[in-house]
S.K.: 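Sharing a structure here in structure tokens format.
Because the structure is a prediction, the values reported are computed rather than measured. For ligands, and for the atoms within them, numbers begin at 1 and follow the listed sequence.
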Amino acid sequence: MAKDSYNLAGKVALVTGASSGLGRRAAIALTGSGARVALTARRVDRLEALEAEITDGGGQAVPFVLDVRDPVGIERVVAEIESAMGPIEILVNNAGVSVVKRPEDFTVEDYDYIHETNVKGPFFLAQLVGREMIKRGQGGKIINISSMMALRVLGKLTLYAMSKAAIGQMTKQLALEWARHDIQVNAICPGYIETEMNRDHWQTEEGRGQIAGMPRRRMPQPEVMDGMLLLLASEKSDYITGTLIPVDDGQVLM
Ligand code: NDP
């Protein structure tokens with residue numbers, strides 16, 4: 001169904017944070033719709049295992065080691081990807097981290113870690129990929145993975161929420177400034193989805209209580225993002241830009 005609706009045959013996509021959780025799933029969904037995907041993250045063993053899984057299923061993916069906090073590395077890896085795979089037409093800015101603390105306990109190190117991974121990295125990656133898209137003049141799609149935390153508040157997540165709100169505003173700025181280059185820039189704002197980022201928490205009493213209080217009383221799995229991701233990656237969304245779209249099972253309503 002997704003294959004027929006969102007045909008990405010021949011497109012080259014770059015996914016950050018493809019070694020785990022939502023990025024891993026995004027790579028599977030994109031290759032399942034025909035895209036060739038550059039799998040990036042720091043843990044190369046995970047990327048190689050995913051490459052093998054995708055290739056076995058008939059898809060095409062190539063791993064590249066990338067730490068999004070390293071601007072020089074970003075430039076080198078984007079050049080490597082474009083020379084090995086062709087121009088990047090879809091960027092999924094997904095890599096992200098969180099630190100859970102009360103506001104009075106955060107350190108400067110926590111701030112830098114979150115900001116460099118969740119804001120600085122995605123901006124400079126979008127800048128590089130966007131520049132190439134502008135030069136080629138054939139448009140493109142940038143999908144930023146923000147969070148429902150750009151749209152609501154919850155305890156112990158101040159720095160994370162700030163970073164995800166920044167990504168939301170970056171999405172709108174880039175969408176406007178690159179509109180005439182036919183580059184659509186959108187953000188998905190997931191609610192809680194079970195990944196390595198939070199899996200242990202859902203086993204605790206507090207975590208189970210939180211799930212029981214959610215509108216649908218359930219913990220979504222990474223596949224729930226497939227539909228929105230493929231829509232935003234495909235030409236079916238050519239008239240959608242600068243949006244922050246919740247995919248959250250109603251969690252932002254609480
Ligand atoms: P995971 O912890 O499962 O995955 C995080 C990914 O980010 C890993 O692939 C990791 O790869 C990568 N990453 C972390 N730091 C860096 C870095 N410096 N350079 C490159 N890659 C990095 O988390 P999720 O899949 O849940 O999170 C993915 C995105 O979704 C994040 O932006 C997160 O904020 C967002 N999100 C998640 C929600 C959830 O409930 N799961 C809800 C809302 C938003 P590696 O360590 O190999 O480098």
S.K.: If you define the side chain from C-beta out and look only at heavy atoms, does anything of Lys141 sit under 4.5 Å from Lys11?
M.R.: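 Side chain of Lys141 against side chain of Lys11, heavy atoms only: no contact under 4.5 Å found.
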S.K.: Could you give the distance from CD1 (Ile28) to OG (Ser33), rounded to the nearest 0.5 Å?
M.R.: 12.5 Å
S.K.: Using a heavy-atom cut-off of under 4.0 Å, does the side chain or the backbone of Thr40 touch ligand 1, or both, or neither?
M.R.: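 No part of Thr40 is near ligand 1 at this cut-off.
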S.K.: Note the single closest protein heavy atom to atom 21 (N) of ligand 1, along with its residue, its atom name and the distance in Å.
M.R.: Ala95 CB, 3.5 Å
S.K.: Going by distance alone, is a donor N or O of one side chain under 3.5 Å from an acceptor N or O of the other, for Glu116 and Asn118?
M.R.: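 Not at all, the side chains of Glu116 and Asn118 share no donor-acceptor pair under 3.5 Å.
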S.K.: In this structure, does ligand 1 have an atom that sits under 4.0 Å from one of the heavy atoms of Cys189?
M.R.: no
S.K.: Quick one: which of Arg136, Arg76, Lys135, Arg131 gives a salt bridge (Lys or Arg N to Asp or Glu O under 4.0 Å) with Glu82?
M.R.: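 Of Arg136, Arg76, Lys135, Arg131, salt bridge (Lys or Arg N to Asp or Glu O under 4.0 Å) with Glu82 is met by Arg136 alone.
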S.K.: Shortest non-hydrogen contact from Pro222 to Glu194?
M.R.: CD-O, 3.6 Å
S.K.: Compare Ile145, Leu47, Asn94 and give the one whose heavy atom is closest to atom 32 (O) of ligand 1.
M.R.: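 The residue whose heavy atom sits nearest atom 32 (O) of ligand 1 is Asn94.
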S.K.: If we set the cut-off at 4.0 Å for heavy atoms, which region of Val68 has an atom near ligand 1: side chain, backbone, both, or neither?
M.R.: both
S.K.: The criterion is salt bridge (Lys or Arg N to Asp or Glu O under 4.0 Å); which residues satisfy it with Lys101, sequence neighbours excluded?
M.R.: Asp110
S.K.: Quick one: nearest non-hydrogen protein atom to atom 38 (C) of ligand 1, plus distance?
M.R.: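 In this structure, atom 38 (C) of ligand 1 has Gly191 O, 4.0 Å as its nearest protein heavy atom.
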S.K.: Determine the sole option in Leu66, Val65, Leu39 for which the side-chain contact (heavy atoms from CB on, under 4.5 Å) test with Val44 is passed.
M.R.: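 When side-chain contact (heavy atoms from CB on, under 4.5 Å) is applied between Val44 and each of Leu66, Val65, Leu39, only Val65 qualifies.
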S.K.: Does any N or O of ligand 1 fall below 3.5 Å from an N or O anywhere on Thr195, backbone included?
M.R.: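 The answer is yes, given that Thr195 and ligand 1 share an N or O pair closer than 3.5 Å.
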S.K.: Tell me the protein heavy atom at minimum distance from atom 37 (C) of ligand 1, and give that distance in Å.
M.R.: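 Heavy-atom neighbour on the protein nearest atom 37 (C) of ligand 1: Leu22 CD1, 3.8 Å.
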S.K.: In the protein, which heavy atom is nearest to atom 15 (N) of ligand 1, and how far is it?
M.R.: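 In this structure, atom 15 (N) of ligand 1 has Arg42 NH2, 3.1 Å as its nearest protein heavy atom.
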S.K.: Can you list the atoms of ligand 1 that are under 4.0 Å from a heavy atom of Gly21?
M.R.: 3 (O), 25 (O)
S.K.: Do me a favour and list the nearest non-hydrogen protein atom to atom 11 (O) of ligand 1 with residue, atom name and distance?
M.R.: Ser19 OG, 2.8 Å
S.K.: Distance under 4.0 Å to a non-hydrogen atom of Glu196: what atoms of ligand 1 satisfy this?
M.R.: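 Those atoms are 3 (O).
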S.K.: Considering the heavy atoms of Leu66, write down every atom of ligand 1 situated less than 4.0 Å from one of them.
M.R.: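 Ligand 1 atoms under the 4.0 Å threshold to Leu66: 19 (N), 20 (C).
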S.K.: Can a non-hydrogen atom of Arg24 be found less than 4.0 Å from any atom of ligand 1?
M.R.: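 No, Arg24 has no heavy atom closer than 4.0 Å to ligand 1.
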S.K.: Applying a strict 4.0 Å limit to heavy atoms, is Asp67 in contact with ligand 1?
M.R.: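 The answer is yes: ligand 1 sits under 4.0 Å from a heavy atom of Asp67.
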S.K.: Has the side chain of Gln251 got a donor or acceptor atom that lies under 3.5 Å from a matching backbone atom of Tyr192?
M.R.: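 Checked: pair present.
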S.K.: For atom 5 (C) of ligand 1, what's the nearest protein heavy atom and its distance?
M.R.: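 Here the closest protein heavy atom is Gly96 O, 3.7 Å.
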S.K.: Stepwise, does the salt bridge (Lys or Arg N to Asp or Glu O under 4.0 Å) test hold for Glu205 with Arg208?
M.R.: CA-CA 5 Å; Glu205 199 173 323; Arg208 284 198 297 270; 5.5 Å; no
S.K.: For Arg69, enumerate each residue passing the side-chain hydrogen bond (donor to acceptor under 3.5 Å, both in side chains) test, keeping only those at least two apart in sequence or located in another chain.
M.R.: Asp67
S.K.: Against ligand 1, does Arg69 come closer than 4.0 Å with any heavy atom?
M.R.: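 Yes.
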S.K.: Pull out every atom of ligand 1 sitting under 4.0 Å from any heavy atom of Val97, numbered as shown with elements.
M.R.: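 Close to Val97: 14 (C), 15 (N).
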S.K.: Return yes if some donor-acceptor pair links the side-chain N/O of Arg36 with the main-chain N/O of Ala61 below 3.5 Å, else return no.
M.R.: no
S.K.: I need the contact type for Glu116 against ligand 1. Using non-hydrogen atoms and a strict under-4.0 Å cut-off, is it side chain, backbone, both or neither?
M.R.: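 Looking at Glu116 and ligand 1, no heavy atom falls under 4.0 Å.
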S.K.: Which ligand 1 atoms does Arg43 reach within 4.0 Å, using its non-hydrogen atoms?
M.R.: 8 (C), 10 (C), 11 (O), 45 (P), 46 (O), 47 (O)
S.K.: Under the 3.5 angstrom rule, does the side chain of Asn186 hit a backbone N or O of Thr243 as a donor-acceptor pair?
M.R.: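 Yes, the answer is positive, given that a donor and an acceptor are paired below the 3.5 Å cut-off.
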S.K.: Taking N or O atoms only and a 3.5 Å limit, does Gly17 qualify as a polar contact for ligand 1?
M.R.: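 Yes; the residue has a nitrogen or oxygen that sits under 3.5 Å from a nitrogen or oxygen of the ligand.
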S.K.: Can you see which heavy atom on Val185 is nearest to which on Thr171, and at what distance?
M.R.: O-CG2, 3.5 Å
S.K.: Using a 4.0 Å heavy-atom threshold (strictly under), name the region of Ser146 that reaches ligand 1: side chain, backbone, both or neither.
M.R.: backbone
S.K.: Which atom names give the shortest non-hydrogen contact between Ile193 and Asn198, and what distance separates them?
M.R.: O-ND2, 2.9 Å
S.K.: Any nitrogen or oxygen of Met148 lying under 3.5 Å from a nitrogen or oxygen in ligand 1? Just yes or no.
M.R.: no
S.K.: For the side chain of Asp248 and the backbone of Met148, is there at least one donor-acceptor N/O pair under 3.5 Å apart?
M.R.: no
S.K.: Kindly say whether Leu231 contributes a backbone atom to a donor-acceptor pair with the side chain of Ser237 at under 3.5 angstrom?
M.R.: yes
S.K.: So Ile81 and Thr40, do their side chains get closer than 4.5 Å, heavy atoms only?
M.R.: yes
S.K.: Is Asn198 touching ligand 1 with its side chain, its backbone, both, or neither, if touching means heavy atoms under 4.0 Å apart?
M.R.: side chain
S.K.: Is there any N or O on Tyr192 that sits under 3.5 Å from an N or O of ligand 1?
M.R.: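 Looking only at distances, the answer is no, because the N/O contact criterion of under 3.5 Å is not met.
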S.K.: So for ligand 1, is Ile193 a polar contact partner (N or O within less than 3.5 Å, distance only)?
M.R.: yes
S.K.: Look only at interatomic distance and state if Ser20 has a nitrogen or oxygen under 3.5 Å from any nitrogen or oxygen of ligand 1.
M.R.: yes
S.K.: For ligand 1, find out whether one of its N or O atoms is nearer than 3.5 Å to an N or O atom of Gly23.
M.R.: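 Gly23 vs ligand 1: no N/O contact under 3.5 Å.
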S.K.: Please list the nearest protein heavy atom to atom 33 (C) of ligand 1 with its residue and the distance rounded to 0.1 Å.
M.R.: Tyr160 OH, 3.5 Å
S.K.: Atom 43 (C) of ligand 1: which protein heavy atom is closest, and how many Å away?
M.R.: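 Ranked first by proximity to atom 43 (C) of ligand 1 is Pro190 O, 3.3 Å.
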